[in-house]
Amino acid sequence: MVTRAETAAATRRALLDAAAELLDLGGPEAVTLREVGARAGVSRGAPYRHFAGKDSLLTAVVAESWERLGDQVHALRINLTLSASERLHGALRALVNVGREQPHLYQMLFRRRGHRPGGHGEGLERVRRQLCGPEGDPTAAVRAAERFQDEFLAIVAALVGERNARHYGALLLTSAHGIAGMELSGHLDTDTWHTTGDELVDTLVRMVAGADQAT
């Protein structure tokens, strides 16, 4: 017999999957609780029993996406059949691939901290939380992003040591973010630069590995 908790969990899962699909198709503007509910095949009121509003729903999608990235990087970190450079290469590619395959999601992962994805005023959003449904954990996405960061730094530390991990970690992440952004905007044109994003990732890893050997 299916319990109420299991039914609620299945409904929430369907809503999150539908929201992620709509985000991929049309960006944040395409995500509304009404459209999400229709795509998930649930009652009109169901989304409001699980999420306070669009902001809450999109934040949950972002949190899950950071968790998946964290899982991927964790799997790379503990895979000792790969060299330290190969693990780092895989972690950077995982991030860049989100930009390639899910550009709207990627932009939300790196939106300015404190930015509210739904665009509602603070007072209106407070009323929506009180009337429509649970707010959820506003720090979940931050914690998930920090977990990804910790896993990534552990991979970097395996190559350059703990002392240099944050310096090179910041260099690598900002560089990977720049590669993804240039690809998204169409400015990483091979005719102009005579290189590709994949080749730039390869170069980054070689540079960091080489810098470690030189110290």
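Heavy atoms only: backbone and side chains are in, while hydrogens, waters and symmetry mates are out.
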Closest non-hydrogen atom pair between [X] and [Y], with its separation:
X	Y	value
I155	A91	CD1-CB, 4.1 Å
S65	L109	CB-CD2, 3.9 Å
A63	A140	CB-C, 4.0 Å
W66	A141	CD1-O, 3.9 Å
R77	L80	O-CD2, 4.3 Å

Nearest 0.5 Å please: distance from the [atom1] atom of [X] over to the [atom2] atom of [Y].
X	Y	atom1	atom2	result
R12	T7	CZ	OG1	15.0 Å
E183	T196	CD	OG1	8.0 Å
H187	T192	NE2	OG1	9.5 Å
E146	T139	CD	OG1	9.0 Å
E199	I179	CD	CD1	11.0 Å
L172	H177	CG	NE2	14.5 Å

### Message
Could you walk me through whether M207 and S175 satisfy the side-chain contact (heavy atoms from CB on, under 4.5 Å) test, starting with their C-alpha distance in whole Å, then the side-chain angles of each, then the deciding distance to 0.1 Å, before giving a yes or no?
### Response
CA-CA 12 Å; M207 287 173 61; S175 299; over 6 Å; no

### Query
Taking it one step at a time, do T81 and N79 satisfy side chain to side chain donor-acceptor pair (under 3.5 Å)?
CA-CA 5 Å; T81 66; N79 186 351; 2.5 Å; yes

Does [Y] offer a backbone N or O that forms a donor-acceptor pair with the side chain of [X] under 3.5 Å?
X	Y	value
E6	T3	yes
S56	G53	no
K54	V31	yes
S83	E86	yes
R87	L82	yes
R111	M108	yes

### Message
Please determine whether a side-chain nitrogen of the Lys or Arg among D71 and R147 lies less than 4.0 Å from a carboxylate oxygen of the Asp or Glu.
### Response
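A salt bridge is present here (some side-chain N lies under 4.0 Å from a carboxylate O).
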
#### Entry: Electrostatic pair R100:D198 at N-O distance under 4.0 angstrom
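Yes, charged N to carboxylate O under 4.0 Å.
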
### Message
Walk me through whether H104 and D24 qualify under side chain to side chain donor-acceptor pair (under 3.5 Å).
### Response
CA-CA 6 Å; H104 295 298; D24 286 345; over 6 Å; no

When clusters are formed by joining ILVMFWY residues with side-chain heavy atoms under 4.5 Å apart, either directly or through shared neighbours, do [X] and [Y] land in the same one?
X	Y	value
L173	V62	yes
V201	L153	no
L58	L22	yes
W193	V96	yes

### Derivation and outcome, side-chain contact (heavy atoms from CB on, under 4.5 Å), residues Y106 and L95
CA-CA 9 Å; Y106 184 85; L95 186 61; 4.2 Å; yes

### Query
Would you call the rings of F148 and F152 parallel, tilted or perpendicular if under 30° counts as parallel and over 60° as perpendicular?
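Ring orientation of F148 relative to F152: parallel.
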
### Task
For L204 and L88, run side-chain contact (heavy atoms from CB on, under 4.5 Å): C-alpha distance rounded to whole Å, both residues' side-chain angles, the deciding distance at 0.1 Å, then the answer.
CA-CA 10 Å; L204 279 172; L88 178 57; over 6 Å; no

### Query
Partners of R13 by salt bridge (Lys or Arg N to Asp or Glu O under 4.0 Å), sequence neighbours excluded?
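Partners of R13 by the salt bridge (Lys or Arg N to Asp or Glu O under 4.0 Å) criterion, ordered by chain and then number, come out as D17, E64.
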
### Message
Show, in sequence, the C-alpha distance, side-chain angles and deciding distance for H74 and I78, and conclude whether the side-chain contact (heavy atoms from CB on, under 4.5 Å) test is met.
### Response
CA-CA 6 Å; H74 173 76; I78 64 175; 3.8 Å; yes

